[in-house]
Amino acid sequence: SRSLGFPGGEVERPFPFRTVPTPALAPPQFAVHMRPVPEVLEILECHQKAVKEVLDTLALPGHAVPSLNEDDKLQVVQVFNEMIAGFNRSRYHRKYEAGLRDVTLAKIEVNSEIPSYFANAKYGSVFSRKMLSMLGLRNLVLAGPQIFEDLKRTLFCSDPSRYPRGTGLE
C-alpha cells in the first residue's frame with residue numbers, strides 16, 4: 001500500500017490504485033479546509049510583490065521581454081484556433097445565448113483587430129465575451145511581447161504609485 005498525505009491525516013490506499021465507486025459525500029479527511037481570510041490575503045500580497053518585482057525588472061532598459069520562438073507561437077495559435085472552432089458550435093451558441101453577430105466572431109483572423117468589450121459587463125451575450133477573450137488571447141501570443149516593449153518605451157508601468165498625480169493611469 002501507499003500512503004497519501006491529505007489535509008487532516010494520512011490515508012492508506014492500495015497500490016496500484018484501483019477504480020472504486022465514489023461516495024456521495026467525501027469522508028472528512030478529504031474535506032477542503034479553507035485558510036482564514038487574513039492568511040489568504042497575506043499570501044496574495046506576497047505573490048503580488050513577486051510579480052511586481054518581475055515586471056519592474058522587465059521595465060528597466062536593457063531587459064528583454066521573454067517571448068516564445070516562432071514555431072512555438074504558431075503551435076499555441078493553432079491550439080487557440082482549435083478552441084475557437086470547438087466553441088463556435090450550436091451547443092455553445094444555445095448554452096451562452098449567442099446572437100446572430102456573435103456566431104460570426106470566429107471568422108476574425110489572427111492579428112486582426114478584436115472588437116472591444118468588457119468581460120464583466122452585463123450587456124451582450126456570454127458567448128460573445130468568451131469568444132472575444134479567446135480571440136484577444138490568441139493575438140497576444142503573437143503581439144504581446146511587442147506591446148510590452150512599446151509600453152516600456154513610453155515608460156508605462158503597472159505600478160500607479162510611480163506616476164505623478166494627474167498623469168499615467170489616473
Side-chain angles (χ1 to χ4, degrees), residues 7 32-170:
V32 175
H33 299 283
M34 299 299 292
R35 294 175 185 251
V37 172
E39 187 177 333
V40 171
L41 292 175
E42 186 177 323
I43 292 168
L44 288 173
E45 186 177 329
C46 179
H47 286 287
Q48 286 175 329
K49 286 179 184 176
V51 169
K52 182 183 176 309
E53 283 180 32
V54 169
L55 290 175
D56 286 349
T57 300
L58 288 175
L60 294 173
H63 287 272
V65 176
S67 179
L68 298 172
N69 66 46
E70 292 306 311
D71 288 339
D72 289 345
K73 285 181 186 179
L74 294 177
Q75 286 181 11
V76 174
V77 166
Q78 184 58 36
V79 169
F80 272 103
N81 288 340
E82 290 177 23
M83 288 171 42
I84 289 164
F87 186 65
N88 194 34
R89 296 180 188 223
S90 58
R91 169 185 173 189
Y92 297 110
H93 295 167
R94 286 189 305 275
K95 182 175 182 175
Y96 296 113
E97 302 174 349
L100 293 175
R101 178 187 158 272
D102 298 342
V103 299
T104 65
L105 292 172
K107 295 179 182 176
I108 295 175
E109 294 184 15
V110 176
N111 275 338
S112 296
E113 187 173 335
I114 307 300
S116 62
Y117 70 101
F118 295 96
N120 60 352
K122 300 265 186 216
Y123 68 90
S125 70
V126 172
F127 179 88
S128 172
R129 294 191 300 271
K130 287 178 179 287
M131 181 62 78
L132 291 170
S133 292
M134 285 187 275
L135 293 167
L137 289 169
R138 180 183 66 182
N139 279 356
L140 279 175
V141 170
L142 300 174
Q146 184 59 49
I147 292 169
F148 193 94
E149 287 292 348
D150 292 346
L151 291 172
K152 190 163 100 170
R153 271 194 298 284
T154 60
L155 304 178
F156 173 83
C157 177
S158 62
D159 180 3
S161 69
R162 303 259 306 263
Y163 290 95
R165 185 164 179 80
T167 65
L169 299 175
E170 283 189 18

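Here the OH atom belonging to Tyr92 is positioned 10.0 Å from the NZ atom belonging to Lys130, to the nearest 0.5 angstrom. If you take CE on Met131 and OG1 on Thr104, they are separated by 9.5 Å, rounding to the nearest 0.5 Å. In this structure, CG in Leu132 is found 5.0 Å from CG in Leu105, a value given to the nearest 0.5 Å. Atoms CD1 and CD1, from Ile108 and Ile114 in turn, are 5.0 Å apart once rounded to the nearest 0.5 Å. Rounding to the nearest 0.5 angstrom, the gap separating the CG atom in Leu135 from the OG atom in Ser112 is 9.5 Å.
For Lys95 and Phe127, the positive end is not near the middle of the six-membered ring at less than 6.0 Å and at most 45° from its axis.
Contacts of Ala143 classified as side chain to side chain contact (heavy atoms under 4.5 Å, CB included), with partners at least two apart in sequence or in another chain: Ile147. Considering only residues two or more places apart in sequence or on other chains, Glu109 meets the salt bridge (Lys or Arg N to Asp or Glu O under 4.0 Å) condition with none of them. Take Glu97 and apply the side chain to side chain contact (heavy atoms under 4.5 Å, CB included) test, not counting sequence neighbours, and it matches no residue. Looking at residues two or more places apart in sequence or on another chain, you find a side chain to side chain donor-acceptor pair (under 3.5 Å) between Ser125 and Asp102. Legend: residues meeting salt bridge (Lys or Arg N to Asp or Glu O under 4.0 Å) with Glu113, ordered by chain and number and at least two apart, are absent.
Ser133 places a side-chain N or O within 3.5 Å of a backbone atom of Arg129 that can act as its donor or acceptor partner.
Residue pairs that meet the salt bridge (charged side-chain N to carboxylate O under 4.0 Å, His left out) test with at least one member in residues 61-75, sequence neighbours left out, are Glu70-Lys73.
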Enumerate, atom names and distances included, each donor-acceptor pair closer than 3.5 Å involving a side-chain atom of residues 75-91, sequence neighbours excluded.
unit_1 : atom_1 : unit_2 : atom_2 : d
Gln78  : NE2    : Glu82  : OE2    : 3.3
Asn81  : OD1    : Arg138 : NH1    : 2.8
Asn88  : OD1    : His93  : NE2    : 2.8
Arg89  : NE     : Gly86  : O      : 3.3

